[in-house]
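Data first, discussion second: the structure below is written as structure tokens.
All values reported here derive from a predicted model rather than from experimental measurement.
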Amino acid sequence: TVANQSDLRTFPFDYDNVRIVIASEIGTGDRYVRLRWQASNDQEKHDRSASAITPASVGEQSMEWDLVKGGNSVRRADKIHNVSGNYTSIEIQMRLTRRYGFYLWKIMLVVWMIACMSWATFLVKGESGRIDSESFIERLNYTAALLLAAVSFLYISQESIPRLSYLTSLDTMILFSFFNLFGVIVETVVLKIMSNLVLPGEEGADGNSANMTFTNDYLAKVDMWSLCISAGTFHLVEFLIPIVALISRWRMLSKVKRW
């Protein structure tokens with residue numbers, strides 16, 4: 001069993017540097033055991049890199065990680081002094097990048113579809129073009145159904161998401177989709193209040209009268225601007241988060257290639 005402490009803040013667009021130390025029994029020392037990487041004459045010239053002797057099938061065996069080509073190395077570590085004596089060891093370093101296709105197509109695509117369906121709420125209006133009681137209930141029921149679907153999907157997908165005390169890139173993207181649904185509900189409530197505010201003597205959406213007025217054209221513009229702002233902000237955040245994470249990953253890969 002190999003354990004490794006990873007930084008998953010950019011999950012699932014993260015990368016990792018795995019360090020494995022294989023050591024002989026304490027007290028044996030170089031007289032009995034001397035660990036080194038077996039290499040041919042051609043490979044001895046490149047003793048810092050294990051890429052040439054790593055089979056391609058090693059990277060294919062992992063369904064979630066890609067082994068960075070040229071990023072793994074093997075070296076004989078210095079003798080480690082211990083109370084019981086000295087022991088010899090070799091250090092293996094592997095640089096890995098996560099395959100994010102599963103999370104992109106099976107989690108984020110579903111979240112994006114739920115968000116797109118929520119924007120259809122802005123098209124639900126009464127016959128007068130205002131938000132009457134019937135259209136108001138229809139809007140809330142539709143958004144609540146999508147919210148329930150999002151919570152259920154999140155509960156099902158929890159097995160594929162690491163449980164951490166901090167937010168990852170995937171957590172932030174999913175959380176922002178819930179903020180999008182919450183914003184649609186808030187806009188519906190605000191528009192309902194605006195629809196009931198009409199001039200005295202002018203019938204409102206529910207037959208009430210008040211001291212202020214918002215024309216149908218104005219309410220339609222509020223719906224249109226809310227749709228544009230909601231969709232624009234959602235796509236900006238959902239695209240910006242993976243782009244920033246992938247740029248950080250690309251910089252790491254560039255350093256590995258130069259090394």
Side-chain angles (χ1 to χ4, degrees), residues 2-20 48-52 54-74 92-119 146 149-151 153-183 228-259:
V2 178
N4 182 55
Q5 186 174 2
S6 304
D7 185 0
L8 299 177
R9 285 176 295 181
T10 57
F11 174 88
F13 312 101
D14 55 325
Y15 55 88
D16 203 356
N17 184 16
V18 180
R19 177 175 173 266
I20 304 174
R48 292 187 61 191
S49 175
S51 301
T54 302
S57 59
V58 172
E60 298 173 357
Q61 290 173 0
S62 174
M63 300 299 295
E64 190 170 359
W65 295 93
D66 279 325
L67 188 64
V68 177
K69 186 177 181 181
N72 51 336
S73 62
V74 178
I92 304 173
Q93 276 198 341
M94 296 183 296
R95 290 176 173 85
L96 308 171
T97 56
R98 191 185 301 273
R99 298 177 180 177
Y100 53 83
F102 169 83
Y103 305 94
L104 190 64
W105 300 116
K106 295 190 177 181
I107 295 182
M108 284 314 307
L109 181 61
V110 177
V111 171
W112 177 80
M113 292 172 63
I114 293 176
C116 289
M117 287 188 290
S118 70
W119 300 324
L146 292 177
V151 172
F153 176 75
L154 179 61
Y155 178 78
I156 295 174
S157 60
Q158 279 299 312
E159 296 181 358
S160 304
I161 303 175
R163 299 180 181 180
L164 304 168
S165 59
Y166 53 86
L167 291 177
T168 65
S169 295
L170 183 62
D171 293 332
T172 306
M173 296 168 72
I174 294 177
L175 187 62
F176 194 80
S177 68
F178 282 94
F179 285 144
N180 173 73
L181 293 173
F182 177 74
C228 295
I229 293 174
S230 177
T233 305
F234 178 82
H235 283 98
L236 177 64
V237 173
E238 296 296 306
F239 281 105
L240 189 61
I241 291 175
I243 288 174
V244 171
L246 289 174
I247 288 177
S248 175
R249 176 162 145 171
W250 175 78
R251 288 177 178 173
M252 186 277 296
L253 295 178
S254 300
K255 291 180 180 178
V256 170
K257 292 179 179 179
R258 288 197 301 266
W259 182 81

*Donor-acceptor contact below 3.5 Å, side chain T233 vs main chain S230*: no
*Counting only N and O atoms by type, is there a donor-acceptor contact under 3.5 Å from the side chain of T10 to the main-chain atoms of T168?*
no
Let me confirm one number: the [atom1]-[atom2] distance from [X] to [Y], rounded to the nearest 0.5 Å.
| X | Y | atom1 | atom2 | result |
| --- | --- | --- | --- | --- |
| E64 | Y103 | CD | OH | 3.5 Å |
| I107 | I156 | CD1 | CD1 | 11.0 Å |
| L181 | S118 | CG | OG | 5.0 Å |
| L170 | L8 | CG | CG | 11.5 Å |
| R98 | D66 | CZ | CG | 11.5 Å |
| I243 | L240 | CD1 | CG | 6.5 Å |

Do [X] and [Y] come close enough that some side-chain heavy atom pair is under 4.5 Å?
| X | Y | value |
| --- | --- | --- |
| F178 | V151 | yes |
| M108 | I174 | yes |
| S248 | Y15 | yes |

*Which residues pass the side-chain contact (heavy atoms from CB on, under 4.5 Å) test with M117, sequence neighbours left out?*
I114, Y142, L146
Quick check: closest heavy atoms across [X] and [Y], and the distance to 0.1 Å?
| X | Y | answer |
| --- | --- | --- |
| D14 | W65 | OD2-CH2, 3.9 Å |
| M173 | E238 | O-OE2, 3.0 Å |
| R9 | Y166 | CG-CE1, 3.6 Å |
| F13 | S169 | CD1-CB, 4.3 Å |
| A115 | F234 | CB-CZ, 3.5 Å |

*Within a radius of less than 6.0 Å around CZ of F179, do more than 12 heavy atoms belonging to other residues, nucleotides or ligands occur?*
no
*For Y100, does the OH atom have more than 12 heavy-atom neighbours from other residues, nucleotides or ligands under 6.0 Å away?*
no
*Any side-chain donor paired with an acceptor under 3.5 Å for N180 and S177?*
no
*Can L67 and L96 be said to form a side chain to side chain contact (heavy atoms under 4.5 Å, CB included), step by step?*
CA-CA 5 Å; L67 188 64; L96 308 171; 3.4 Å; yes
*Specify whether H235 and W119 have parallel, tilted or perpendicular ring planes, treating 30° as the upper limit for parallel and 60° as the lower limit for perpendicular.*
tilted
